[in-house]
2 protein chains.
Amino acid sequence: MRESLHKYINSFIQLSESEIRVIEDILTSRKIYKKENFIEINKVCTKAIFINKGYFRFYHVDVNGNEITSDFYFAPSFITSYTSFITGAPSFVNVQAMVDMEVFEFTKNDLYDLYGKYPKIERLGRLIAEAIAINSEEHLFLLLNQSAEMRYKRLLEKNTKYVNTIPLQYIASYLGITKETLSRMRKAIR
Amino acid sequence: MRESLHKYINSFIQLSESEIRVIEDILTSRKIYKKENFIEINKVCTKAIFINKGYFRFYHVDVNGNEITSDFYFAPSFITSYTSFITGAPSFVNVQAMVDMEVFEFTKNDLYDLYGKYPKIERLGRLIAEAIAINSEEHLFLLLNQSAEMRYKRLLEKNTKYVNTIPLQYIASYLGITKETLSRMRKAIR
DNA sequence: GATTTCTTTTGACAATTATCAAAAAAATTA
DNA sequence: TAATTTTTTTGATAATTGTCAAAAGAAATC
């Protein structure tokens, strides 16, 4: 049942049976239904999850009342409202289930206990933090790299999964443009 | 001489005398002069540094030949071409000294040795990776948050240091706009 | 302190992107 | 499958931002 978790962890680091077990011990299996928010804006986030099935989007509402999507995370992956989880400040994003999902939840306290007891689990934490930093760096790079059309083409190449499974309106704001502009760009490219 | 390093590390985690010493042992003191590139695009980056004095900008050249600045890092801070250092892929950014600088350099190999031997130093690595991820998240948030004018105002509030010390042309591309547009916006705000 | 180099500002105009409203298409639910 | 809801597309127009060239200002160098 937790095979995909093992596989995912293994892609970062080889853990022993007992290390895997203590990780499993802090997890609670849970379902999150489409459109439900796992994390709410302005609340402090002290929980994180492993996505076993489904995907999330991170979004906030700007001054004009528009929803701005800042990120997507697909299974398998660990996620949380990163800045809030780390610093203890209120989250500035909502994290919303895009489909009916299956996740394994755990608390910050439990995780930090494991960090203290198992250096290799802390190493896993470092590797995941690094992966998240790299992901943000790539998104940043995408946004800074010229016209909206170029950004979309780049996304097409690099993140085919996004373009194929995520509704266009959310991809638009991920790219920093409106859905109408993205729709027109797609027409122009065809 | 390395007081600012100690202080900086202490802001993340309390290390013992001997842990501090082994970190110092892998450092090489160095000067980097204004406009010099510490890291070159397309080269694999296996070194990182602690900035003791000065600041860097991260930039790349886009298809139209324009320099795009994606980040700034001021002393005191650890920096490297993050994605390249972690993954071993060629760097997609240049890292350029903005003033005459004083830095302490170290290699990836030496650092990873320390990670293996000193769990608390690996924890420091995790904490720094997290800080970098948070920094990128904030920059992303800035870029996605509506009009250029709003972005600039937000930067004014949040990162006064940037606005006061960095030449406008670099701030412009950090905000995803041209220097002319930023210049006009500043005039409008006055 | 004069000269050179680098940075910022300004103007005129063009291109890109946003906005609002409505229609069409697709997906979901009854 | 019909009805409802959600998502995408289209049109007309406005607002924002970019481009290119030149001037003004500031900083660095001799």
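Quick caveat: nothing in here was measured; it's all calculated off a predicted structure. Lettering follows sequence order; numbering is per chain, from 1.
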- prompt: Centre of Phe104(A)'s six-membered ring, under 6.0 Å away, within 45 degrees of the axis: is that where NZ or CZ of Arg2(A) sits?
  reply: yes

message: For the residue pair Lys47(A) and Phe106(A), would you count it as a cation-pi contact if the rule is NZ or CZ under 6.0 angstrom from the ring centre and within 45 degrees of the ring axis?
response: no

statement: Note: contacts of residues 155-179 of chain B with DNA chain D (heavy atom, under 4.0 Å) are Gly176(B), Ile177(B), Thr178(B)

Specify the separation, in whole Å, of atom [atom1] of [X] and atom [atom2] of [N].
X         : N       : atom1 : atom2 : value
Met150(B) : dT16(D) : CE    : P     : 13 Å
Met185(A) : dT10(D) : CE    : C1'   : 16 Å
Glu180(B) : dA23(D) : CD    : C1'   : 13 Å
Asn66(A)  : dT7(D)  : CG    : C1'   : 16 Å
Gln96(A)  : dT6(D)  : CD    : C1'   : 13 Å
Arg186(A) : dT10(D) : CZ    : C1'   : 14 Å

task: Have a look at the helix from dG1(C)-dC30(D) to dA30(C)-dT1(D) and give the angle its two end axes make, five pairs each, rounded to 10 degrees.
output: 60°

Between protein and nucleic acid, restricted to nucleotides 26-28 of chain D and to nitrogen or oxygen atoms under 3.5 Å apart, what atom pairs and distances do you find?
none

For Tyr115(A), all residues meeting side chain to side chain donor-acceptor pair (under 3.5 Å), sequence neighbours excluded: none

field: Within residues 7-22 of chain A or reaching into it, pairs that qualify as salt bridge (Lys or Arg N to Asp or Glu O under 4.0 Å) - sequence neighbours excluded
entry: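 Of all non-adjacent pairs touching residues 7-22 of chain A, none passes salt bridge (Lys or Arg N to Asp or Glu O under 4.0 Å).
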
- request: Could you verify whether a donor N or O on one side chain and an acceptor N or O on the other, from Ser136(A) and Ser136(B), lie under 3.5 Å apart?
  value: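 Distance-only check fails for Ser136(A) and Ser136(B).
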
field: Over 12 foreign heavy atoms within 6.0 Å of NZ, Lys120(B)
entry: yes

message: Could you work out, with ring pair (Phe, Tyr, Trp, His ring centres under 6.0 Å) as the rule, every residue matching Phe72(B), not counting sequence neighbours?
response: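 In terms of ring pair (Phe, Tyr, Trp, His ring centres under 6.0 Å), with neighbours along the sequence ignored, Phe72(B) is linked to Tyr162(B), Tyr174(B).
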
- prompt: Which residues satisfy the ring pair (Phe, Tyr, Trp, His ring centres under 6.0 Å) test with Tyr8(B), sequence neighbours excluded?
  reply: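 By the ring pair (Phe, Tyr, Trp, His ring centres under 6.0 Å) rule, Tyr8(B) matches Phe12(B), Phe50(B), Phe78(B).
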
task: Give me the ring orientation class for Tyr112(A) and Phe85(A): parallel if the planes are under 30° apart, tilted from 30 to 60°, perpendicular past 60°.
output: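 It falls in the perpendicular class, over 60°.
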
field: Terminal contacting nucleotides, 5' and 3', DNA chain C versus chain B (heavy atom, 4.0 Å)
entry: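 Reading along DNA chain C, I get dT7(C) to dA12(C).
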
field: Of the listed nucleotides dT17(D), dT7(D), dG11(D), the one nearest the side chain of Ser147(B)
entry: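 Nearest nucleotide to the side chain: dT17(D).
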
- prompt: Who pairs with Ser147(A) by side chain to side chain contact (heavy atoms under 4.5 Å, CB included), at least two apart in sequence or on another chain?
  reply: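 So Ser147(A) forms a side chain to side chain contact (heavy atoms under 4.5 Å, CB included) with Glu149(A), Met150(A).
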
message: Using the side chain to side chain contact (heavy atoms under 4.5 Å, CB included) criterion, which residues pair with Thr83(B)? Sequence neighbours excluded.
response: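 Counting only residues at least two positions away or on another chain, Thr83(B) forms a side chain to side chain contact (heavy atoms under 4.5 Å, CB included) with Ile134(A), Glu137(A), Thr87(B), Phe92(B).
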
query: To which residues is Leu144(B) joined in a hydrophobic cluster, defined by side-chain heavy-atom contacts under 4.5 Å among Ile, Leu, Val, Met, Phe, Trp and Tyr, whether direct or through other members?
result: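 The other cluster members (ILVMFWY side chains, heavy atoms under 4.5 Å, direct or chained) are Ile68(A), Leu140(A), Leu143(A), Leu144(A), Ile68(B), Leu140(B), Leu143(B).
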
task: Not counting sequence neighbours, which residues clear salt bridge (charged side-chain N to carboxylate O under 4.0 Å, His left out) with Glu122(A)? List them please.
output: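 Result, salt bridge (charged side-chain N to carboxylate O under 4.0 Å, His left out) vs Glu122(A): Arg123(B), Arg126(B).
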
Any Thr181(B) side-chain N or O less than 4.0 Å from OP1/OP2 of dG18(D):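 Result: yes.
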
